[in-house]
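This report concerns only the one structure given below.
Proteins come first, then strands; the chains are lettered A, B, ... in the order of their sequence lines, and each starts at number 1.
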2 protein chains.
Amino acid sequence: MHTTSPTSTLPAKVRFGHALRAAREMLGMSQEELAERAGLHRTYIGQVERGERNISVDSMERLAAAVKIDLWIMLTPK
Amino acid sequence: MHTTSPTSTLPAKVRFGHALRAAREMLGMSQEELAERAGLHRTYIGQVERGERNISVDSMERLAAAVKIDLWIMLTPK
DNA sequence: ATGTGACTTACAGTCCGTG
DNA sequence: TCACGGACTGTAAGTCACA
């Protein structure tokens, strides 16, 4: 059945959200910790991870830095 | 010695702006034309190309689509 | 054909809480 | 620890007049 791979890429904000959550969990960080590191609000992180927010480049960049992954990598479609 | 390679990457919005302008010019398009294609305002495109605006993911995605380049590629540091 | 400053309105981003 | 909501505040979106 070949699980998934719907080449029809998901919206960038969704891909970013997934990558962010994955990276954060890999680092064993809580949303609150990440929020603090990135200088953003706790609740906002959650919404971004769920792909619910139309985040700005600057914020993406700060979050990417906080999880130590280059932004462009976080947006690369799997 | 390994000179240069100013890994000290410019802000993402600046990289995006440069990539957008390069792509647009490569396609021989005017800002006005691109604006029409992307459904955005002419002056806004200019501001984005100059890295003056903290653009959102959604807008970046639309612009990337208008110049037919994947967003993540446009953000890849040279 | 583009740059720029100024402007209004829509929504990014905060902060309080609850389960 | 996180999802989710409502009410707020700040700033991006989107437009314009003019250089």
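Side-chain N/O atoms of B:Q47 include none lying less than 4.0 angstrom from OP1 or OP2 on D:dT15. Listed pair B:Y44 / D:dA13 meets the phosphate criterion, a side-chain N or O lying under 4.0 Å from OP1 or OP2. Close to C:dT2, at under 4.0 Å from its OP1 or OP2, lies a side-chain N or O of B:R24. In this structure, B:R53 does not reach the C:dG3 phosphate: none of its side-chain N or O atoms is under 4.0 Å from OP1 or OP2.
Minimum atom distance to the side chain of B:R21 is reached by C:dT2, of the listed D:dC2, D:dG14, C:dT2. Residue B:I55 places its side chain closer to D:dA13 than to any other of C:dG13, C:dT2, D:dA13.
Between B:T43 and B:S56, it is B:S56 whose nearest contact on DNA chain D lies nearer the 5' terminus. Summary of the strand contacts: B:E49 and B:N54 both lie near DNA chain C, and taking for each the nucleotide with the nearest heavy atom, the more 5' one is attributed to B:E49. Two residues, A:G39 and B:E33, neighbour DNA chain C, and the one matched to the more 5' nucleotide by heavy-atom proximity is B:E33.
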**OP:** Start with the C-alpha distance between A:E52 and A:K13, add both sets of side-chain angles, then the distance that settles salt bridge (charged side-chain N to carboxylate O under 4.0 Å, His left out), and finish with yes or no.
**Re:** CA-CA 8 Å; A:E52 292 170 9; A:K13 60 178 159 196; over 6 Å; no
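Remark: C1' of C:dA12 and NZ of A:K13 are 11 Å apart, rounded to the nearest angstrom. The CE atom of B:M29 sits 15 Å away from the C1' atom of C:dA1 (whole-angstrom rounding). Spacing between atom CG of B:L40 and atom P of D:dC16 amounts to 14 Å, rounded to whole angstrom units. When rounded to the nearest whole Å, the span between CG of A:L34 and P of C:dG13 equals 14 Å. B:E52 has its CD atom 12 Å from the C1' atom of C:dT2, to the nearest Å. In this structure, B:H41 atom NE2 and C:dG3 atom P are separated by 14 Å, rounded to whole Å. Rounded to an integer number of Å, the gap from B:M60 CE to D:dG14 P is 15 Å. C:dA1 atom C1' lies 14 Å from atom CD of B:E36, rounded to whole Å.
The closest donor-acceptor contact from the side chain of B:N54 to the backbone of A:D58 lies under 3.5 Å. At distances below 3.5 Å, not a single donor-acceptor pair connects side-chain atoms of A:R53 with backbone N or O atoms of A:V48. The closest donor-acceptor contact from the side chain of A:R42 to the backbone of A:Q31 lies at 3.5 Å or more, if one exists at all.
Note on A:R24 versus A:E33: no salt bridge recorded, every NZ/NE/NH1/NH2 to OD/OE distance being 4.0 Å or above.
Evaluation of atom-type donor-acceptor distances gives no pair under 3.5 Å for the side chain of B:R50 against the base of C:dG3. A donor and an acceptor atom never sit less than 3.5 Å apart when one is taken from the side chain of B:R42 and the other from the base of D:dG14.
In this entry D:dG6 has C:dC15 as its Watson-Crick or G-U wobble partner, both defining distances falling under 3.5 Å.
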